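The structure appears right after this line, and notes come after that.
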Amino acid sequence: MYQRQSGHHLCETHFIEDIQRRVANTIKTRRMIVPEDRVAVALSGGKDSTALLLLLWQLLPTGQDIRLIAITIDEGISGYRDDTIRSAEQLTSRLGIEHHCISFTDLFGDTLDTFLKGRETQACSICGILRKKALVIAAQRAGATKLATGHNLDDEAQSVLMNVFRGDLPRLCRNSGVDSSGKFIPRIKPLSLISEKEIAVYLMLQNEWNELPECPYTRYALRREIRALLSGFEYKHPGTMLHLIESKKKIERYCAGSVLPASLGSCTMCGDPCSGDLCQVCLLRQTFGH
Ligand code: SF4
Ligand code: ZN
């Protein structure tokens with residue numbers, strides 16, 4: 001593979017070594033995983049989370065009492081989720097990793113498909129809010145001390161641009177991995193410096209590439225348009241995505257104090273930390289009448 005940014009041509013062996021070294025370095029320099037951690041990997045069964053589980057399984061040191069577990073959320077999306085859940089089950093059983101699956105129906109009383117009737121254009125925001133909560137509950141139930149997600153470089157850069165396009169400075173400055181309330185399990189993103197393309201190549205070389213269906217709601221997602229725009233820029237101007245992430249860090253440093261609340265209150269319904277009376281999940285549940 002030709003790495004446009006570094007100008008290196010890598011063979012199969014060196015490509016895999018390079019990915020492993022960079023992921024290990026991200027984990028080490030940001031102290032993402034420490035001895036005795038119980039790391040819950042959010043495993044949808046798609047490319048990113050499959051690569052994340054495989055890499056952690058290959059890289060985590062033995063003898064430090066670190067345990068990996070996988071958690072899968074079944075949102076209830078017909079024609080899509082069943083295939084990815086099957087893929088997640090096959091992977092965890094091959095690697096011998098404990099696997100927990102939890103559904104929106106168990107937690108919120110119905111499927112995402114039902115919640116979205118007539119609200120399809122808001123699919124990803126609603127799904128994102130509920131899934132984040134579901135992951136935290138699943139990780140807590142599994143006794144996790146860290147929650148690892150498969151967000152890659154493209155995802156992170158897309159989020160920066162989306163928040164800029166929406167004019168959402170608080171969200172741009174919020175570091176989702178940091179929880180000053182201490183009520184949530186810390187979230188880690190070990191693949192945040194690896195591109196989507198590199199993840200695809202890594203999976204192909206590991207014989208773990210599966211053709212899976214795409215979520216039917218992606219056609220409504222703003223992210224899809226941003227993704228196309230950013231890949232074009234990255235191709236013409238290698239390094240664009242990394243520069244966007246650097247910009248976010250600088251904006252965060254200068255603006256976080258003035259746009260984020262000094263301390264969070266608690267949701268009056270569920271007690272989770274939030275900035276208003278109700279957290280986003282309870283607001284949604286009120287809207288749905290659940
Ligand atoms: Fe949820 Fe949107 Fe992802 Fe589908 S594409 S799983 S609706 S966030
Ligand atoms: Zn709440």
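As a basis for the values below, the full set of heavy atoms in this structure was taken, side chains included, without hydrogen atoms, waters or symmetry mates. Ligands are counted one by one from 1 in listed order, and the atoms in each one are counted from 1 as well. No experiment lies behind these values; they were computed from the predicted model shown.
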Check for a donor-acceptor pair, side chain of [X] on one end and backbone N or O of [Y] on the other, with a separation under 3.5 Å.
X	Y	value
Asn163	Ser159	yes
Thr268	Leu278	no
Glu234	Thr240	yes
His14	Leu10	no

> Around the Zn ion (ligand 2), what protein N, O or S atoms are found below 2.8 Å?
Replying inline: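 Those protein N, O or S atoms (cut-off: under 2.8 Å from the Zn ion (ligand 2)) are Cys267 SG, Cys270 SG, Cys279 SG, Cys282 SG.
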> Which of the atoms in ligand 1, numbered in the order shown and given with their element, are less than 4.0 Å from a heavy-atom of Thr218?
Replying inline: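 Here the atoms of ligand 1 in question are 5 (S).
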> Can you name the salt bridge (Lys or Arg N to Asp or Glu O under 4.0 Å) partners of Asp168, sequence neighbours left out?
Replying inline: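 Partners of Asp168 under the salt bridge (Lys or Arg N to Asp or Glu O under 4.0 Å) test: Arg171.
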> Hey, what's the ring geometry for His237 with Phe233, parallel, tilted or perpendicular (30° and 60° as the breaks)?
Replying inline: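 Rings of His237 and Phe233: tilted, 30 to 60°.
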>> Can you tell me how far apart CG (Leu284) and CD1 (Ile129) are? Round to the nearest 0.5 Å.
In response: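 Reported to 0.5 Å precision, the distance equals 4.5 Å.
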>> Can you see whether Ser44 engages Ser49 through a side-chain donor-acceptor pair at a distance of less than 3.5 angstrom?
In response: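 Per modelled atom types, Ser44 and Ser49 side chains form a pair under 3.5 Å.
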> Will you find, in the side chains of Tyr217 and Asp113, an N or O donor that is under 3.5 Å from an N or O acceptor?
Replying inline: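 Yes.
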>> Could you enumerate the protein N, O or S atoms under 2.8 Å from atom 1 (Fe) of ligand 1, written like residue then atom name?
In response: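 Per the 2.8 Å query on atom 1 (Fe) of ligand 1, atoms found are Cys127 SG.
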List, one per line, each side-chain donor-acceptor pair under 3.5 Å for residues 120-127, sequence neighbours excluded.
{"from": "Glu120", "atom 1": "OE1", "to": "Gly118", "atom 2": "N", "distance (Å)": "3.2"}
{"from": "Glu120", "atom 1": "OE2", "to": "Gly118", "atom 2": "N", "distance (Å)": "3.3"}

